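Below is one structure, written out as C-alpha coordinates; the observations come after it.
Computed from a predicted model, the values in this text were never measured in an experiment.
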Amino acid sequence: MIMKKIGIFYGPEGGNVEKVALLVAKKIGSDRADLIPVRDADERTVNQYDRIIFGLSTVGKSNWDSENKNTDWDLFFPTLKFVEWEDKMVAIFGLGNQIQYPHHFVDAMGWLYELLEGLKVTVVGSCPVEGYVFKESEAIREGQFVGLPLDEDFEQDLTQKRVGDWIRQLKDDYGF
(Lines give C-alpha, C1' and ligand atoms only; values in the text may rest on other atoms or scores of the structure.)
Protein backbone atom coordinates (compact mmCIF):
# COMPACT_ATOMS: atom_id res chain seq x y z
CA MET A 1 0.00 0.00 0.00
CA ILE A 2 1.36 3.42 -0.94
CA MET A 3 0.83 5.98 1.76
CA LYS A 4 -0.21 9.43 0.68
CA LYS A 5 1.62 12.34 2.21
CA ILE A 6 0.25 14.28 5.15
CA GLY A 7 -0.24 18.00 4.58
CA ILE A 8 1.05 20.08 7.49
CA PHE A 9 -0.46 23.54 7.15
CA TYR A 10 0.96 26.10 9.57
CA GLY A 11 1.20 29.77 10.29
CA PRO A 12 2.64 32.16 10.97
CA GLU A 13 6.01 31.54 9.37
CA GLY A 14 9.36 32.25 10.95
CA GLY A 15 8.55 31.60 14.59
CA ASN A 16 7.63 28.89 17.03
CA VAL A 17 4.72 27.53 15.00
CA GLU A 18 7.02 26.92 12.05
CA LYS A 19 9.63 25.41 14.38
CA VAL A 20 7.04 22.95 15.76
CA ALA A 21 5.70 22.22 12.24
CA LEU A 22 9.24 21.25 11.22
CA LEU A 23 9.51 19.01 14.29
CA VAL A 24 6.15 17.36 13.52
CA ALA A 25 7.29 16.71 9.92
CA LYS A 26 10.58 15.26 11.17
CA LYS A 27 8.81 12.92 13.62
CA ILE A 28 6.39 11.76 10.91
CA GLY A 29 9.18 11.44 8.37
CA SER A 30 9.95 14.19 5.89
CA ASP A 31 9.24 11.77 3.04
CA ARG A 32 5.69 11.37 4.35
CA ALA A 33 4.81 15.00 5.06
CA ASP A 34 4.60 18.25 3.14
CA LEU A 35 4.98 21.57 4.96
CA ILE A 36 2.72 24.32 3.65
CA PRO A 37 2.47 27.84 5.12
CA VAL A 38 -1.22 28.81 5.23
CA ARG A 39 -0.36 32.12 3.59
CA ASP A 40 0.52 30.11 0.45
CA ALA A 41 -2.50 27.78 0.63
CA ASP A 42 -6.10 27.74 -0.50
CA GLU A 43 -8.85 25.11 -0.76
CA ARG A 44 -7.19 23.51 -3.82
CA THR A 45 -4.01 22.96 -1.80
CA VAL A 46 -5.92 21.41 1.11
CA ASN A 47 -7.91 19.20 -1.28
CA GLN A 48 -4.67 17.47 -2.31
CA TYR A 49 -4.45 15.74 1.11
CA ASP A 50 -6.64 13.23 2.93
CA ARG A 51 -4.62 13.53 6.15
CA ILE A 52 -4.04 17.05 7.38
CA ILE A 53 -2.37 18.70 10.35
CA PHE A 54 -3.08 22.34 11.11
CA GLY A 55 -0.66 24.30 13.33
CA LEU A 56 -1.41 27.75 14.69
CA SER A 57 -0.83 30.00 17.66
CA THR A 58 -2.98 32.05 19.96
CA VAL A 59 -1.58 35.54 20.17
CA GLY A 60 -1.91 38.01 23.03
CA LYS A 61 -4.82 40.05 24.27
CA SER A 62 -4.02 42.92 21.92
CA ASN A 63 -5.17 40.77 19.01
CA TRP A 64 -8.51 39.86 20.63
CA ASP A 65 -9.26 43.55 21.19
CA SER A 66 -8.05 44.58 17.76
CA GLU A 67 -9.92 45.22 14.55
CA ASN A 68 -6.88 43.90 12.66
CA LYS A 69 -7.89 40.59 11.12
CA ASN A 70 -5.20 40.22 8.50
CA THR A 71 -3.17 37.38 9.96
CA ASP A 72 -2.34 34.40 7.77
CA TRP A 73 -5.02 32.32 9.51
CA ASP A 74 -7.69 35.03 9.36
CA LEU A 75 -7.23 35.09 5.60
CA PHE A 76 -7.09 31.28 5.33
CA PHE A 77 -10.11 30.41 7.52
CA PRO A 78 -12.74 31.41 4.91
CA THR A 79 -11.22 29.08 2.29
CA LEU A 80 -11.90 26.05 4.50
CA LYS A 81 -15.61 26.12 3.70
CA PHE A 82 -14.72 25.30 0.07
CA VAL A 83 -12.63 22.23 0.87
CA GLU A 84 -14.05 18.82 -0.04
CA TRP A 85 -13.92 17.29 3.47
CA GLU A 86 -15.30 13.83 2.74
CA ASP A 87 -12.80 11.11 3.73
CA LYS A 88 -10.36 13.62 5.23
CA MET A 89 -9.00 13.64 8.77
CA VAL A 90 -7.54 16.63 10.56
CA ALA A 91 -5.33 16.96 13.62
CA ILE A 92 -4.46 20.29 15.23
CA PHE A 93 -1.52 21.56 17.24
CA GLY A 94 -1.65 24.94 18.88
CA LEU A 95 0.83 27.18 20.62
CA GLY A 96 -0.09 29.34 23.56
CA ASN A 97 1.29 30.89 26.69
CA GLN A 98 -0.31 29.35 29.76
CA ILE A 99 1.47 31.67 32.24
CA GLN A 100 0.88 35.12 30.75
CA TYR A 101 -2.48 34.24 29.16
CA PRO A 102 -3.94 31.58 31.48
CA HIS A 103 -7.51 32.55 30.54
CA HIS A 104 -6.89 32.11 26.80
CA PHE A 105 -4.50 29.17 26.58
CA VAL A 106 -4.47 27.79 23.00
CA ASP A 107 -7.88 29.36 22.29
CA ALA A 108 -7.10 29.41 18.56
CA MET A 109 -7.21 25.59 18.51
CA GLY A 110 -10.76 25.85 19.81
CA TRP A 111 -11.71 28.44 17.20
CA LEU A 112 -10.35 26.25 14.40
CA TYR A 113 -12.02 23.16 15.86
CA GLU A 114 -15.37 24.96 16.03
CA LEU A 115 -15.07 25.96 12.38
CA LEU A 116 -14.14 22.41 11.34
CA GLU A 117 -16.92 20.92 13.48
CA GLY A 118 -19.41 23.14 11.66
CA LEU A 119 -18.10 21.75 8.37
CA LYS A 120 -18.53 18.15 9.67
CA VAL A 121 -14.77 17.46 9.54
CA THR A 122 -13.33 14.44 11.37
CA VAL A 123 -10.83 15.82 13.90
CA VAL A 124 -8.44 13.44 15.67
CA GLY A 125 -5.56 13.83 18.09
CA SER A 126 -7.18 15.13 21.26
CA CYS A 127 -4.97 15.41 24.35
CA PRO A 128 -5.59 15.31 28.11
CA VAL A 129 -5.56 18.59 30.07
CA GLU A 130 -3.37 17.08 32.79
CA GLY A 131 0.14 18.47 32.89
CA TYR A 132 -0.80 22.01 31.87
CA VAL A 133 -1.24 25.05 34.14
CA PHE A 134 -3.95 27.40 32.89
CA LYS A 135 -7.32 28.82 33.95
CA GLU A 136 -9.47 28.60 30.81
CA SER A 137 -9.24 27.49 27.21
CA GLU A 138 -11.67 27.51 24.32
CA ALA A 139 -9.83 24.42 23.03
CA ILE A 140 -11.38 21.99 25.52
CA ARG A 141 -14.20 19.64 24.54
CA GLU A 142 -15.44 16.83 26.76
CA GLY A 143 -12.57 17.36 29.21
CA GLN A 144 -9.76 17.17 26.64
CA PHE A 145 -7.89 19.55 24.38
CA VAL A 146 -9.06 19.23 20.76
CA GLY A 147 -5.44 18.84 19.66
CA LEU A 148 -1.91 19.12 20.95
CA PRO A 149 -1.30 22.23 23.10
CA LEU A 150 2.26 23.51 23.37
CA ASP A 151 3.83 26.36 25.31
CA GLU A 152 7.13 27.32 23.70
CA ASP A 153 7.51 30.28 26.06
CA PHE A 154 7.52 28.41 29.37
CA GLU A 155 7.63 24.67 28.58
CA GLN A 156 9.86 24.42 25.53
CA ASP A 157 11.67 21.53 27.21
CA LEU A 158 8.47 19.43 27.01
CA THR A 159 7.79 19.99 23.30
CA GLN A 160 9.89 17.10 21.92
CA LYS A 161 8.20 14.53 24.15
CA ARG A 162 4.70 15.95 23.68
CA VAL A 163 5.06 16.00 19.90
CA GLY A 164 6.52 12.48 19.88
CA ASP A 165 3.68 11.12 22.02
CA TRP A 166 1.09 12.88 19.85
CA ILE A 167 2.57 11.54 16.60
CA ARG A 168 2.49 8.01 18.03
CA GLN A 169 -1.19 8.60 18.86
CA LEU A 170 -1.90 9.76 15.30
CA LYS A 171 -0.20 6.76 13.70
CA ASP A 172 -3.28 4.55 14.09
CA ASP A 173 -5.69 7.24 12.88
CA TYR A 174 -3.55 8.26 9.91
CA GLY A 175 -2.20 4.82 9.03
CA PHE A 176 1.51 5.55 8.93
Side-chain angles (χ1 to χ4, degrees), residues 6-28 33-43 45-46 49 51-66 68-83 85 88-119 121-127 129 132 134 136-141 144-156 158-159 162-163 166-167 169-170 174:
I6 296 169
I8 302 172
F9 294 82
Y10 69 94
E13 291 178 88
N16 286 331
V17 174
E18 182 172 21
K19 182 176 112 183
V20 172
L22 289 164
L23 175 61
V24 168
K26 180 181 174 188
K27 297 257 185 207
I28 290 171
D34 289 332
L35 286 164
I36 304 115
V38 294
R39 74 173 351 176
D40 298 335
D42 60 19
E43 68 276 4
T45 316
V46 178
Y49 300 91
R51 303 297 178 254
I52 298 161
I53 295 174
F54 287 134
L56 70 169
S57 65
T58 304
V59 294
K61 185 178 184 311
S62 61
N63 189 66
W64 293 302
D65 295 340
S66 171
N68 179 15
K69 295 295 179 195
N70 292 321
T71 69
D72 295 350
W73 277 98
D74 290 327
L75 299 173
F76 181 69
F77 278 150
T79 68
L80 294 177
K81 66 184 172 189
F82 301 110
V83 172
W85 290 109
K88 293 187 186 311
M89 282 191 219
V90 172
I92 306 168
F93 71 83
L95 276 64
N97 180 321
Q98 60 190 326
I99 304 302
Q100 292 179 309
Y101 301 103
H103 294 283
H104 300 284
F105 183 54
V106 295
D107 279 355
M109 273 198 327
W111 304 332
L112 176 55
Y113 178 85
E114 191 172 300
L115 174 66
L116 295 171
E117 185 179 48
L119 296 169
V121 177
T122 301
V123 179
V124 298
S126 63
C127 293
V129 297
Y132 296 89
F134 66 98
E136 296 175 33
S137 177
E138 292 188 34
I140 296 175
R141 302 291 187 284
Q144 296 216 37
F145 285 109
V146 297
L148 173 65
L150 298 165
D151 184 340
E152 285 293 282
D153 295 316
F154 292 98
E155 293 186 338
Q156 185 176 15
L158 298 176
T159 297
R162 285 176 172 165
V163 168
W166 189 61
I167 294 302
Q169 176 186 336
L170 292 180
Y174 279 5

Practice task
Report the C-alpha separation of Leu150 and Val163 in whole Å, then their side-chain angles, then the decisive distance to 0.1 Å, and conclude whether the side-chain contact (heavy atoms from CB on, under 4.5 Å) test is met.
Solution key: CA-CA 9 Å; Leu150 298 165; Val163 168; 4.1 Å; yes
Nearest 0.5 Å, please: how far is [atom2] in [Y] from [atom1] in [X]?
| X | Y | atom1 | atom2 | answer |
| --- | --- | --- | --- | --- |
| Leu158 | Glu152 | CG | CD | 9.5 Å |
| Thr159 | Phe93 | OG1 | CZ | 10.5 Å |
| Ser57 | Glu18 | OG | CD | 12.0 Å |
| Phe54 | Leu56 | CZ | CG | 9.5 Å |
| Ile36 | Asp42 | CD1 | CG | 11.0 Å |
| Trp111 | Glu114 | CH2 | CD | 10.5 Å |

Handout entry: salt_bridge(Glu155, Arg162) N-O dist < 4.0 Å
Key = yes
Side-chain contact test, heavy atoms from C-beta onward, threshold under 4.5 Å: evaluate it for [X] versus [Y] and give yes or no.
| X | Y | value |
| --- | --- | --- |
| Leu80 | Val121 | no |
| Val46 | Phe82 | no |
| Ile52 | Ile6 | no |
| Asp72 | Tyr10 | no |
| His104 | Gln98 | no |
| Thr45 | Asp40 | no |
| Thr58 | Tyr101 | no |
| Glu136 | Phe105 | no |

Practice task
Using atom types as modelled and distance alone, determine if a side-chain donor or acceptor of Gln169 lies under 3.5 Å from a backbone N or O of Ser126.
Solution key: yes
Exercise for the section: Please state whether the rings of Phe76 and Trp73 are parallel, tilted or perpendicular, taking 30° and 60° as the class boundaries. Expected result: perpendicular
Mind listing the closest non-hydrogen atom pair of [X] and [Y] along with its distance?
| X | Y | result |
| --- | --- | --- |
| Glu138 | Asp107 | N-OD1, 2.7 Å |
| Ile167 | Lys27 | CG1-CB, 4.0 Å |
| Gly94 | Val106 | O-CG1, 3.5 Å |
| Pro149 | Cys127 | CD-CB, 4.1 Å |

Exercise for the section: Kindly indicate, with the supporting measurements, whether the criterion side-chain contact (heavy atoms from CB on, under 4.5 Å) is fulfilled by Tyr132 and Asp151. Expected result: CA-CA 9 Å; Tyr132 296 89; Asp151 184 340; over 6 Å; no
Handout entry: By salt bridge (charged side-chain N to carboxylate O under 4.0 Å, His left out) - contacts of Lys26 (at least two apart)
Key = none
Exercise for the section: Evaluate whether atom CZ of Arg141 has more than 12 neighbouring non-hydrogen atoms of other residues, nucleotides or ligands under 6.0 angstrom away. Expected result: yes
Problem - side-chain contact (heavy atoms from CB on, under 4.5 Å) evaluation trace for Val90 with Arg51 - result: CA-CA 6 Å; Val90 172; Arg51 303 297 178 254; over 6 Å; no
Handout entry: Side-chain donor-acceptor contact under 3.5 Å, Asp34 with Tyr49
Key = yes
Problem - Evaluation steps, side-chain contact (heavy atoms from CB on, under 4.5 Å), between Val20 and Leu95 - result: CA-CA 9 Å; Val20 172; Leu95 276 64; 4.2 Å; yes
Problem - Distance flag, aromatic centroids of Phe134 and Phe145, threshold under 6.0 Å - result: yes
Exercise for the section: Could you point out which residue of Leu170, Ile8, Leu148 forms a side-chain contact (heavy atoms from CB on, under 4.5 Å) with Val24? Expected result: Ile8
